[in-house]
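Every chain is numbered from 1, with letters handed out A, B, ... down the list of sequences.
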Protein chains: 2
Amino acid sequence: MSLPHAILTALLEKPSSGLELTRRFDRSIGYFWSATHQQIYRELGKLEKNAFIRALPTDSPTRGRRKEYEVLPAGRAELERWVGENEQPRALRDTLMLRLRATGVVGVDADFLAELRRHRALHGARLAEYREFQRRDTARGRGTERDRVQALVLQGGVDMELFWVNWLDQAIAELADTPEDAPGPEDDRDRA
Amino acid sequence: MSLPHAILTALLEKPSSGLELTRRFDRSIGYFWSATHQQIYRELGKLEKNAFIRALPTDSPTRGRRKEYEVLPAGRAELERWVGENEQPRALRDTLMLRLRATGVVGVDADFLAELRRHRALHGARLAEYREFQRRDTARGRGTERDRVQALVLQGGVDMELFWVNWLDQAIAELADTPEDAPGPEDDRDRA
DNA sequence: GAAAACATGTAAAAAGTTACATGATTTT
DNA sequence: AAAATCATGTAACTTTTTACATGTTTTC
């Protein structure tokens with residue numbers, strides 16, 4: 001149950017409307033948590049019902065009209081409670097690694113290599129984007145605790161993309177000179 | 001929809017019962033995909049209904065009795081189809097990073113530093129475990145395509161844990177000498 | 001023969017995804 | 001005034017998580 005807390009954090013950083021939040025989830029918050037606008041609107045509704053946030057007063061009709069939210073004291077308290085929790089790192093879920101493993105039994109082909117290269121390009125582009133954010137932030141050169149924490153999270157994003165780029169380069173190099181289907185003696189043990 | 005394909009891969013590597021699969025998901029397959037036994041049993045039922053796998057014949061009563069499955073040709077074909085697909089890297093979902101970001105607005109305290117150290121220890125332990133797997137595999141020194149692919153995936157697991165260990169060390173070092181709550185001039189912009 | 005471990009399974013709730021619907025504002 | 005864009009929202013579905021239920025085999 002992290003989405004409500006991600007929203008509380010974002011709203012504490014800056015009161016926003018649902019669509020603004022959606023955009024911010026595509027950027028900074030989104031390095032490590034994503035959400036669609038449908039999720040966000042649903043969650044904003046729940047948070048408002050629980051009196052963790054409130055809509056800033058506006059003209060009556062709501063549909064199609066911008067609606068800005070701010071965090072109430074109870075919401076801030078809930079966020080503090082959540083930050084203090086102990087949680088386990090959640091299990092990874094990565095399809096590309098799974099598909100690579102599947103090629104071990106059905107064979108690697110040129111299409112799969114192309115897929116690896118496509119992912120390499122995507123991660124490379126994201127890495128460049130994050131580094132551009134870093135460049136801008138450094139130029140601004142601020143030193144509040146919030147800035148330092150945001151910089152750490154961004155550094156995490158950069159390092160994560162570096163992991164992908166480096167690993168994919170290695171995987172591509174290794175698989176590129178595979179003779180397509182050298183069967184070799186098949187056997188059935190799994191890694192102990 | 002990757003779980004059925006993860007199961008097909010695992011069963012092609014070695015026909016297994018549900019509980020055996022669960023255990024293998026805690027190890028090799030689990031570097032990048034996890035599943036509980038409930039998920040696995042449900043999915044085995046669906047795969048059997050779709051004639052992608054079949055239970056090896058045994059004595060009649062099924063409840064409490066070991067039931068081993070193997071992949072049928074249709075299942076292998078489905079796995080090949082899936083490996084050939086193009087997919088986007090799925091969005092990350094990491095709670096620790098989210099909580100770190102939240103400390104930017106509610107403040108970093110000693111408890112949160114302890115939580116970071118706890119995660120550091122967990123990732124360090126997993127890293128050691130994966131490296132032990134690598135050591136064993138290298139000792140066995142095999143060279144089939146399947147071995148090479150499994151080694152690549154395992155290397156991915158190692159690199160991923162290295163990312164965490166390094167980033168956490170950096171984060172802990174940086175936050176440890178924060179004077180607990182130097183407020184600084186608050187403002188409300190988000191990263192552009 | 002009781003306890004522990006092994007093994008399969010069911011049910012309900014929570015979270016996330018996909019597709020669609022609708023109103024308001026701005027641009028041409 | 002039509003089209004594009006901004007903005008909020010609903011509905012249906014799938015996936016994942018959590019808690020529980022039950023039977024079988026092995027060990028003491």
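Rounded to an integer number of Å, the gap from OH of A/Y41 to C1' of D/dG9 is 8 Å. For B/R66 and C/dG9, the CZ to P distance is 13 Å, given to the nearest whole Å. Here D/dT17 presents its P atom at 6 Å from CD of B/Q39, a figure rounded to the nearest Å. The separation between B/L21 atom CG and C/dT8 atom C1' is 13 Å, rounded to whole Å. Atom pair A/K46:NZ and C/dA14:P shows a separation of 8 Å (rounding to whole Å applied). To the nearest angstrom, P of C/dT17 lies 7 Å from CZ of B/R90.
The salt bridge (charged side-chain N to carboxylate O under 4.0 Å, His left out) search around B/E43 returns none, not counting sequence neighbours.
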In sequence, state the C-alpha distance, the side-chain angles, and the governing distance for A/E115 and A/R118, and then conclude on salt bridge (charged side-chain N to carboxylate O under 4.0 Å, His left out).
CA-CA 5 Å; A/E115 175 73 350; A/R118 194 173 67 84; 3.0 Å; yes
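Checking D/dT8, D/dT16, C/dT10 against every side-chain atom of A/S17, the shortest atom distance belongs to D/dT8. Closest contact between the side chain of A/R23 and the listed nucleotides D/dA7, D/dT16, C/dG16 involves D/dA7. With D/dT16, D/dT8, C/dT8 as the candidates, the nucleotide lying closest to the side chain of B/K67 is C/dT8. Residue A/H37 has its side chain nearest to D/dG9 when only D/dC6, C/dT8, D/dG9 are considered. Comparing atom distances between the B/Q38 side chain and each of C/dA7, D/dC20, C/dA19 picks out D/dC20 as nearest. Listed nucleotides C/dG16, D/dT17, D/dT8 differ in distance to A/W33; the shortest reach to its side chain belongs to C/dG16.
Using bins of under 30°, 30° to 60° and over 60° for the plane-to-plane angle, the ring pair B/H5/B/W82 lands in the parallel bin.
Contact annotation: side chain of B/R42 to base of D/dT17, donor-acceptor pair present below 3.5 Å.
Remark: A/R93 is positioned above the aromatic ring of B/W33, its terminal NZ or CZ atom under 6.0 angstrom from the ring centre and at most 45 degrees off the axis.
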